[in-house]
Amino acid sequence: MQQEHVFYSGVRPEEGQRRFVLAGLDGLRAIAVSLVLVYHFWPQVLPGGLIGVDIFFVISGYLITALLLREGAYTGKMDIVAFWVRRIRRLIPAVAVLTLTITPIAFFIGGDILVGIGRQLLGAFTYSSNWLSIAAGNDYFAQTSPELLTNFWSLAVEEQFYFFWPVVLVFACIFLRQWWQRALVPASLGALSLLLATILVAVGANFARIYYGTDTHLFGLMLGVLLALLIPWSMYPPVDARLYPHVGYGNGLLGFARALAGWLSLPAIVLLAMHLNERNQALLMPWGLLAGSVLGLGVVQALLPDTRSPLAIALRKVLSFAPLVWLGRRSYGIYLWHWPLAVIAHYLLGPDYGTVTRVVLVLLTLVLAGLSYMYVETPVRRLGFRGALSEWVNAMFGRSKALPLTAAFLLLIGCVGTVFAVRTAPEMTQAQQLVAEGEAKARQLQEQQAKEAEEAKKKAAAEESAQPSPTASPTPTVKPNTVTVIGDSVALASAGQLEQKLPQASIDAEVSRQFSTADGLLQNKLNQGVLGDTVVISLATNSTLTPEMVDDVMSKTKELGVKNVVMVTGQAPANLEWVATSNRVIQDAATRYPNLTVADWAAASAGKPQLLASDGVHPNEQGAALYAATVAQAVKTAQAK
């Protein structure tokens, strides 16, 4: 059988179902978006629900490639420009409606929610959100002060894939004659993506760079592409079922095994989402996300038409359940809307808004996504931009003009509100501003203390010059009746108030500092001759403490001659679940070490959101005063023991 063009496959176009729809794929989309929803609204239930995004990547990689191959098979070419236009029609209208609705609302809320909004809007409409977030240093503060359009990072990765992959696919089909050779292209790209991610994790690169990067997060998309190239006719299967044994891989025992793999992958996806945790970043990226992608691939391959087993037919029916299909077809809008709504609730109600609010937000997400699908996405996809706009304008002059005129008015308000939002956006969040001010104060204190230490050193040197030279340098010891504070950004934000309450203290605090650094810092302080006999450690915010870590620090303080240790508990929203764990470890340790006193900042600030910045972690000016008073009282108690 002679090939007519480079896109020719084992199924001749005249033998295939040109308008074939893959049953069950919408159901898998529904599961994927549900994982993401639960992860964002109830992270304690599905701490690994972010794998839903990677399942979407697998679906997109497969579906886009399979549809392009169908176009190539029936026309002998791939119209890449027309493909890009179709993608723009599908994606941009929903983005425009969302941003012109959400951004003006954010403008009326004001404050932290507007930080970086100009960059976010630029990223949303140019599909560069992931790289702009990396360039902006999407760091520690993004965890507790969420950005309005953070979820657009994954849309950016997909759109970048849509831009380059059709071109690569055409060249692969031109220069590689066999389908197995063409399949090596996505296999190689996926392997390189995994290798790069693994190397960056090993060298300690910024996790946001690894997670958001298109190059390091390409493997899921390439898995989907690989599947499409292995069965290039999967979106135009033969009409005659007798051809399947000759062109497919889903008959007999192999078909049963593939269907069984699909059934097993479904619960495995949920189990993985329940046990994978973003705190274990080395496991999560790339291997945890790769596992989610492979499981998603396991479901997709079982849905393909060449899998003829009754088990596969049953899987397609289950995933074609009407509510799942409804969710799946609107999954794009659901993904778009849920995160900005959650961010608005965060800034309006605080980070720990309740379960009822979360349920309302989910329902509101479904309603808005449904309206977007019905009145925006579908008309533009069906009629194109010009046709949809023409229909809208004509409706304004028709009998039922109220709805289109109202929409036009709201569009105008949205545009004006968006402009004002961008022009009035603050440069830093309240937490960042508080930490910056505290950092300046701490630097001032350190410079003053360094000057005093230098003067004392000169005085001591002058006194020593009048005495016989010692035979050996004295062993460094702790400074009596002084306090050394080692802290993170919470202590840094409170540096000025700490200095007022503990004028004899030296303060060493740093953003994102973790408890594991305490041992080395204590030794350095001793070597510098500035370690006090009372040490305050305020490092419960950025990492999970273990009893062994506390034991190591207590052993180190004993070795260095520190008399009193004060450990400060952390205050944080419930989604930063490691803080509560660390607090329990500190409280338990105080029962085992007589010289360990707890400064219970968590208890002092509990139920008092007015004392905290919008992130629910860093104290504002009033909160910093209470934080400093809590620490000072604990120091007084410790020194009185």
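Only heavy atoms go into these numbers, but all of them, side chains included; no hydrogens, no water, no symmetry mates.
Side-chain contact between Trp578 and Asn277: absent, with no pair of heavy atoms (C-beta onward) separated by less than 4.5 Å. Side-chain contact between Thr429 and Asp615 is absent, with no heavy atoms from C-beta onward closer than 4.5 Å. The shortest distance between side-chain heavy atoms of Met78 and Phe7 falls below 4.5 Å. In this structure the side chain of Asp79 reaches within 4.5 angstrom of the side chain of Glu71, judged on heavy atoms. The shortest distance between side-chain heavy atoms of Thr103 and Gln120 does not fall below 4.5 Å.
Contact record, Trp165 with Met222: CE3-CE, 4.3 Å, taken as the closest heavy-atom pair. The two residues Ala106 and Ile113 have their closest heavy-atom pair at O-CG2, 3.6 Å. When all heavy atoms are compared, the tightest approach of Thr99 to Pro104 is O-CD, 3.8 Å. Residue Ala66 comes nearest to Ala228 through the heavy atom pair N-CB, 3.9 Å, listed as atom of the first residue, atom of the second, then distance. Heavy-atom minimum distance, Leu114 versus Ala421: CD2-CB, 3.9 Å. In this structure, Gln430 and Ser614 approach most closely via the heavy-atom pair OE1-N, 3.6 Å.
At most 12 non-hydrogen atoms from other residues, nucleotides or ligands lie less than 6.0 angstrom from CZ of Phe420. Annotation for Phe125: atom CZ counts as buried by contact number, over 12 foreign heavy atoms lying within 6.0 Å. Heavy atoms from other residues, nucleotides or ligands lying under 6.0 Å from OH of Tyr375 number 12 at most. Atom CZ of Phe171 is surrounded by 12 or fewer heavy atoms from other residues, nucleotides or ligands within 6.0 Å. Around CZ of Arg90, the count of heavy atoms belonging to other residues, nucleotides or ligands within 6.0 Å exceeds 12. Heavy atoms from other residues, nucleotides or ligands lying under 6.0 Å from CZ of Phe108 number 12 at most. The 12-atom threshold is not exceeded at CD of Glu427, counting heavy atoms of other residues, nucleotides or ligands nearer than 6.0 Å.
Between Trp153 and the options Tyr212, Trp339, Tyr335, a ring-ring contact (aromatic ring centres under 6.0 Å, His included) holds for only Tyr212. The residue from Leu25, Asp26, Val299 that alone fulfils the side chain to side chain contact (heavy atoms under 4.5 Å, CB included) condition with Leu319 is Val299. Checked against Glu159 for a side chain to side chain contact (heavy atoms under 4.5 Å, CB included), the options Leu91, Thr126, Ile92 give a single hit: Leu91.
Of the inter-residue distances, the one linking Asn151 atom CG with Leu98 atom CG reads 8.0 Å to the nearest 0.5 angstrom. For the atom pair CD1 of Ile64 and CG of Leu169, the computed distance is 11.5 Å after rounding to the nearest 0.5 Å. Distance CZ/Phe152 to OG/Ser129: 7.0 Å, rounded to 0.5 Å. Between the CZ atom of Phe161 and the CZ atom of Arg87 there is a distance of 10.5 Å, given to the nearest 0.5 Å. Atom-to-atom distance recorded for Ser154:OG and Phe56:CZ is 8.5 Å, nearest 0.5 angstrom. The distance from the CG atom of Leu229 to the OG1 atom of Thr65 is 6.0 Å, given to the nearest 0.5 Å.
Leu50 is linked by a side chain to side chain contact (heavy atoms under 4.5 Å, CB included) to Tyr39, Tyr211, Leu284, Leu289, counting only residues two or more places apart in sequence or in another chain. Remark: Thr214 engages Asn130, Trp131, Val157, Gln160, Leu218 in a side chain to side chain contact (heavy atoms under 4.5 Å, CB included) (not counting sequence neighbours).
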I'd like a table of donor-acceptor pairs (distance under 3.5 Å, sequence neighbours excluded) in which one partner is a side-chain atom from residues 362-374, with atom names and distances.
| from | atom 1 | to | atom 2 | distance (Å) |
| --- | --- | --- | --- | --- |
| Thr365 | OG1 | Leu361 | O | 2.8 |
| Ser372 | OG | Glu377 | OE2 | 2.7 |

